[in-house]
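In what follows, chains carry the letters A, B, and so on, assigned in the order in which the sequence lines appear, proteins first and then strands, with residues in each chain numbered from 1.
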Amino acid sequence: MIKIIFFARLRDELNCPELNLEIKDINNKKTITVYELLDHLFKLNPQWQDIFNKRKFFTAVNQEIVQNNHDLSDGDEIAFFPPVTGG
Amino acid sequence: MEKTTNTQKPSQEVNSSIDVSVQVDNFDHASLYQNLAALKPTPGAVVTFTGLVRDLSSVGDVSGIFLEHYPGMTENSLIAIAKQAQQRWPIDKIIIVHRVGKIASDEQIVFVGTASKHRKEAFLACEFIMDYLKNDAPFWKKELTDDGSFWVEAKDSDSQAKQRWENKN
């Protein structure tokens, strides 16, 4: 299973704090890229594509920033979030 | 918010020279300064920066802010930033405290303190840490007003502030 978390404005706009998925339910491989995961999420929720495309977002896997060609495996925690605004 | 520490201590002390805390409670500036000034051998310079919640922004009067973070990643990001500063300059000690949750206008949000032998590196490290924190540490700010609450947009000026350090390498 992979855990997907959304933060801040992105979470509010998607109206979804987090969800869990099985990679095997997405395709028959053991890994998928972040791109493939996003494609799958957009198929499940067509209105999400516009929300992701509207603004810049970052992806972290197991709390490290990654590019969207990063391979995801079972047990990973994937976070999507807007540009940060602390300080 | 479960992992957030509610007291000044315990904070995440990586080694004796880096001390990072993400907390709901306000912090005592004087005791944080004292922590740096009391180092032995005595540092020749202590520089501190304190960020406060403004009461006015582009959306109008702000009664306060709400700060969200990514527990775990946020603390690790602050530690990584402090380590980068120490790789650039000889800094005896770095303290970073960042608050999360609801914070009223005029209250303190963030503290960065650096102690070193000489003032120049303490100034540079303090500014470097704030510029990187603004761009890399996963915090998100929402302004609370009478007309509702609004997520704050990331500013180009903040990414330019970080960029100038990268150009210096």
Side-chain angles (χ1 to χ4, degrees), chain A residues 1-21 32-35 37-38 41 45 47-87, chain B residues 1 3 22 49-54 57 65-81 96-101 103 108-112 126-127 129-143 148-159 161-162:
Chain A
M1 198 168 67
I2 55 174
K3 181 180 180 184
I4 306 158
I5 319 174
F6 306 100
F7 284 98
R9 190 204 315 249
L10 187 59
R11 175 203 50 233
D12 288 359
E13 289 182 346
L14 300 172
N15 195 22
C16 175
E18 64 178 69
L19 56 105
N20 296 304
L21 289 175
I32 53 165
T33 65
V34 175
Y35 282 125
L37 171 65
L38 284 169
L41 293 175
N45 309 279
Q47 72 279 19
W48 283 19
Q49 185 153 12
D50 282 344
I51 296 169
F52 270 88
N53 288 341
K54 195 164 56 177
R55 292 195 186 88
K56 192 173 172 186
F57 68 90
F58 291 92
T59 309
V61 172
N62 302 327
Q63 306 201 342
E64 297 275 349
I65 295 283
V66 299
Q67 300 301 310
N68 287 342
N69 58 4
H70 184 93
D71 282 319
L72 302 169
S73 352
D74 197 35
D76 280 348
E77 176 178 290
I78 302 99
F80 295 104
F81 48 79
V84 305
T85 52
Chain B
M1 212 83 80
K3 289 185 192 166
V22 177
F49 169 82
T50 310
L52 306 175
V53 182
R54 279 186 295 264
S57 83
I65 58 169
F66 184 84
L67 262 157
E68 181 175 337
H69 77 301
Y70 187 173
M73 186 173 173
T74 305
E75 290 82 349
N76 289 335
S77 164
L78 296 176
I79 291 165
I81 292 167
I96 306 175
V97 181
H98 203 300
R99 293 178 65 197
V100 291
I103 309 174
Q108 306 175 125
I109 313 177
V110 60
F111 174 93
V112 174
C126 189
E127 198 175 10
I129 291 166
M130 271 312 299
D131 286 344
Y132 273 65
L133 183 157
K134 280 273 189 187
N135 285 280
D136 292 356
F139 292 103
W140 300 277
K141 201 182 278 174
K142 202 179 206 181
E143 287 176 333
S149 56
F150 304 93
W151 289 106
V152 172
E153 295 279 355
K155 292 199 288 283
D156 287 344
S157 57
D158 285 332
S159 62
K162 180 187 168 189

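- To the nearest 0.5 Å, atoms CG (B/Asp158) and OG1 (A/Thr85) are separated by 9.5 Å.
- Here the side chains of A/Phe81 and B/Met73 are in contact, with some heavy-atom distance below 4.5 Å.
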Handout entry: Test side-chain contact (heavy atoms from CB on, under 4.5 Å) applied to A/Val84 and B/Trp140, step by step
Key = CA-CA 5 Å; A/Val84 305; B/Trp140 300 277; 4.0 Å; yes
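- Taking A/Asp12 as the reference, B/Trp151 meet the side-chain hydrogen bond (donor to acceptor under 3.5 Å, both in side chains) condition, with sequence neighbours excluded.
- Proximity to chain A (any heavy atom under 4.5 Å) is restricted, for B/Lys142, to the side chain, taken from C-beta onward.
- Annotation for A/Lys54: atom NZ counts as buried by contact number, over 12 foreign heavy atoms lying within 6.0 Å.
- Within 6.0 Å of CD on A/Gln47 lie more than 12 heavy atoms contributed by other residues, nucleotides or ligands.
- For a residue to count as touching a neighbouring chain, one of its non-hydrogen atoms must lie under 4.5 Å from one of that chain's; by this rule A/Ile5 touches chain B with the side chain only.
- The neighbour count for A/Glu18 CD, taken as heavy atoms of other residues, nucleotides or ligands under 6.0 Å away, is above 12.
- Among residues two or more places apart in sequence or in another chain, the side-chain hydrogen bond (donor to acceptor under 3.5 Å, both in side chains) test is passed with A/Asp76 by A/Asn62.
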Exercise for the section: Show your reasoning for whether side-chain contact (heavy atoms from CB on, under 4.5 Å) applies to A/Gln63 and B/Glu75. Expected result: CA-CA 11 Å; A/Gln63 306 201 342; B/Glu75 290 82 349; over 6 Å; no
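- Crowding of B/Arg54 atom CZ: a count of heavy atoms from other residues, nucleotides or ligands under 6.0 Å not exceeding 12.
- Ion pairing of B/Glu153 with A/Arg9 is present here, as a side-chain N (NZ or NE/NH1/NH2) and a carboxylate O approach within less than 4.0 Å.
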